[in-house]
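None of these values were measured; they are calculated from a predicted model.
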Amino acid sequence: MNEILSRYLPRIDFDSYEDFYNNYKCNMPDDFNFAYDVADGWAGLQPEKLALLWTDDTGEMKSFTFAEMKRLSDKAANALQSLGINKGDVVKLILKQRPEVWVLMCALSKIGAICIPGTYQLTAKDLEYRCNIASVKLLITVDDKELLDNIETSRSNCPKLEKIAVIGSTIPGGFINMHSEIEKASEVFSRIPTKLEDPMLIYFSSGTTGMPKMVIHNHSLPLGHIVTAKYWHNAEDNGVHLTQTDSGWAKFAWGKIYGQWICGAAVGAYDTEKFTPKGMLDAIQRLRPVTFCAPATVFRYLIKEDLSGYDFSFIRHTSVAGEPLSPEVYNKFMELTGLEIREGFGQSETSVMAAVFKWLPVKPGSMGKPAPLFDLKLLDENGDVCDEGIPGIMSITLAGKSMYEKNDCAPDNMPPVIGSSDFPGLFRGYWRDKEVTDKAWNSGTYQTGDMAWRDEEGYLWFVGRNDDVIKCSGYRIGPFEVESALMEHPSVLECAVTAVPDAMRGQVVKATIVLTKGFSASGELIRELQNHVKRVTAPYKYPRIIEFAEELPKTISGKIKRVDIRKKDS
C-alpha cells in the first residue's frame, strides 16, 4: 500500500473511466506542503527509497534516495535563508536537469518562497523582462558560458535582483558559489508554516502571442498532478518514470517531481546539453524507465532512427503531451516498438485536463476524455456548449465563483484562490495582471484559447489555438488536421500550417515544411504533397502554398510559433 498516496486519495482504484470521472476525490490539508509532506514524508517512511536516477550525455549515472533529498534540501533551505531568502521572496532557477533542481525546488517550498523555473535558452532581454516583472530577488543558474554572459549583460538593468548564485565549477566574479553555500549549511531545519493558498510556483507562458504572462500556482498544484502521474502516466510505486523535458518548462512539474513522487515513483533525468535521437535512446537504455513521456517532437525524431538494436521491454506505458501527436507518428512508433502512446492535454495553467486514461482504448490523434474535477466543456462564441463534431473553445466552468473574491488581484499580492479543495492543479491567475486574468476568466469560466471537437464517444480532438484556426471560403480549418495529413508523407519531418490572407477566399492554407534527410524541395514535391493531403483528408483543406524551411520558429518550450510565420506573411 502506498502510504503517501492514500493520505490524499480516499479511493485509489477505479473500475472504469466513468467510475474514475464521477468518483475521484482528493483530500487537501490546509497546510499541505509538498516538500515536507511528500519528499520528507518518504524519507521518514522509507529512507532508502529511490527518489532520483540521473544521467547525462557522458553516460555518468547518479542516484539519490529520499533520505538524501531531505538532507540536501534542509541544507539548501538554510543556505537560501543565509542569502536573505524568506517566505514570499521570488527566486529564479535556471538549472537544466542538474540534481540541484529537485533539491532547490524542495528547499524553496520549505521556506515558502516562490520559485520561477526558467530555461537556459533565455536571452539577456528575456532575463531582464522576467526578473523585473516578477521582482526576482535571487537567481540561481548553471555555469553555461552563454547564459552567464546574458545574465551579466542584463544584471545592471534588474534593480531588484540582489544576488546571483551558480551551480558548477565556473564562478564569475561577483557571483556566489551555490555548492559551497549548501555544503557549509546546517542539516537541521525546522518547519516553516505555509498554507495551501500560499503562492508556490510561477511559470511564464510560452509567449506564442504577446509577452509571456506569469502563471501562478499555489501549494495545491502537486496534488492536482496526482491525476497526471497516477492515471495518465501510470507512474508505478518504486518504478522509474522518465519525462523528457528541461526544468524550465511547465512539463517538469507535470512529469518530473510532484505527482510522480506522490505515487512513489523515482524520477528519471536525462540531463542533455543538446537533444539527439541517439542520445535519447542511449539514455533510455541506462535509465530503464517503466513509464515514459515525451513531447511529440521527440517521437517524430525517434521513428526516423533504426530502433532494432534497442530494448524497450522494460517500458510498460508511454505518453505524449505538449503538442498533438499525428496518427502517422503513433502508428509508426507502435509498429517499431509495440508501445501505445497515450496522449494528454493541459497547459502551464493546469494539470492534465484530458487524456487517454488507462481504461480508454487509444484513438490515434485524439487527446482522450476529460479529467475529473475540471468541468471541461467545449463552448462556442456565445458561451453555449457545442454539439458533437463542432469545434469549440476548451473551457473550465467554475459554477459562478468569482476569481476576485478576496483581494481584487492587487499588484503585489496573490490572486485570490477559486476554491482549492475543488480545483487542485488549476492556476490562480496571471500574477500582477488583472486585465489579462479577467479576459481569461470570462464570467466564471476559464477559456483556454485551445479549440477541440468531441466525437460520438466523448473523445476530444485538438483543432488548434483559437487564433490559429483558418477561415477559408466559409470553411473553418484546424491546422493540426492538415499537419497530421502532411506528416504521413515520408518527406515531412516537421510542419506548421498557417493562414495566408487571400482577396478571394479570405484566407488560404499554407504549409511550412522541414524535410526529412534525403528529400529535396521541388515543384514536383509540392504537387505531390498537395495531392497527398487531398487524398488523406477533405480536399478543400489542402495547402495552396507550400514553403520549405531548415527549421520552424519555436518558443523556448519547443512549441511551434505559428504567429511568427503569420506575421511574415501578413
Side-chain angles (χ1 to χ4, degrees), residues 76-77 79-95 101 104-105 107-120 122-141 147-148 150-166 174-176 178 181 192 194-195 197-207 210-219 221 247-250 253 348-349 403-404 406-417 427-438 440 556:
L80 289 165
Q81 287 188 321
S82 73
L83 295 175
I85 301 303
N86 297 298
K87 185 176 181 180
D89 287 335
V90 181
V91 176
K92 188 165 186 61
L93 303 180
I94 310 178
L95 296 176
V101 176
L104 286 163
M105 286 185 74
L108 291 168
S109 182
K110 288 180 175 182
I111 292 172
I114 303 171
C115 175
I116 303 184
T119 173
Y120 63 93
L122 295 174
T123 65
K125 181 180 177 181
D126 295 327
L127 289 161
E128 182 180 330
Y129 171 76
R130 285 161 171 77
C131 287
N132 287 332
I133 196 172
S135 303
V136 173
K137 188 174 182 179
L138 169 66
L139 171 62
I140 307 176
T141 178
L147 178 57
L148 290 172
N150 287 334
I151 292 170
E152 188 63 64
T153 299
S154 64
R155 185 177 193 179
S156 61
N157 296 322
C158 302
K160 294 184 180 179
L161 181 59
E162 296 181 5
K163 295 182 176 70
I164 301 170
V166 179
F175 288 42
I176 296 164
M178 196 65 204
E181 294 296 318
I192 294 175
T194 60
K195 291 293 186 183
E197 295 84 3
D198 289 342
M200 181 190 75
L201 186 68
I202 291 174
Y203 277 111
F204 279 86
S205 65
S206 296
M211 295 301 289
K213 304 178 289 291
M214 291 186 289
V215 178
I216 190 155
H217 288 277
N218 64 19
H219 286 269
L221 177 64
S247 64
W249 303 353
S348 302
E349 289 87 343
M403 190 63 182
Y404 301 107
K406 288 196 175 181
N407 63 14
D408 202 32
C409 203
D412 290 311
N413 294 324
M414 262 288 290
V417 297
F427 79 125
R428 293 337 193 202
Y430 297 109
W431 201 32
R432 298 179 174 176
D433 200 331
K434 183 179 185 300
E435 181 179 351
V436 173
T437 304
D438 277 339
I556 54 178

Output, in order, the C-alpha distance, side-chain angles, deciding distance and verdict of side-chain contact (heavy atoms from CB on, under 4.5 Å) for Met178 and Leu104.
CA-CA 10 Å; Met178 196 65 204; Leu104 286 163; 4.2 Å; yes

Could you check Ile192 against Gln81 for side-chain contact (heavy atoms from CB on, under 4.5 Å), going step by step and ending with a plain yes or no?
CA-CA 12 Å; Ile192 294 175; Gln81 287 188 321; 3.4 Å; yes

Pair Leu80-Ile140, side-chain contact (heavy atoms from CB on, under 4.5 Å): steps then yes or no
CA-CA 10 Å; Leu80 289 165; Ile140 307 176; 4.0 Å; yes

Should the heavy atoms of other residues, nucleotides or ligands under 6.0 Å from NZ of Lys87 be counted, would the total exceed 12?
yes

Looking at side-chain heavy atoms only, is the closest gap between Leu161 and Lys92 below 4.5 Å?
no

Between Pro159 and Asn132, is there a side-chain heavy-atom distance shorter than 4.5 Å?
yes

Atom of [X], atom of [Y] and distance for their closest heavy-atom approach:
X: Phe427; Y: Val215; answer: CB-CG1, 3.7 Å
X: Ser154; Y: Ala124; answer: CB-O, 3.5 Å
X: Tyr129; Y: Pro212; answer: OH-O, 2.9 Å
X: Ala113; Y: Ile85; answer: CB-CG2, 3.9 Å
X: Leu127; Y: Cys158; answer: O-SG, 4.5 Å
X: Ala76; Y: Ala107; answer: CB-CB, 3.7 Å

Atom pair [atom1]/[atom2] of [X] and [Y] - distance to nearest 0.5 Å:
X: Ile216; Y: Thr437; atom1: CD1; atom2: OG1; result: 10.0 Å
X: Leu138; Y: Cys131; atom1: CG; atom2: SG; result: 10.0 Å
X: Phe204; Y: Leu122; atom1: CZ; atom2: CG; result: 9.0 Å
X: Ile164; Y: Leu139; atom1: CD1; atom2: CG; result: 5.5 Å
X: Arg130; Y: Ile94; atom1: CZ; atom2: CD1; result: 9.0 Å

Glu435-Tyr430 side chain donor-acceptor pair, cut-off 3.5 Å:
no

Side chains of Asp126 and Thr123, donor plus acceptor under 3.5 Å:
yes

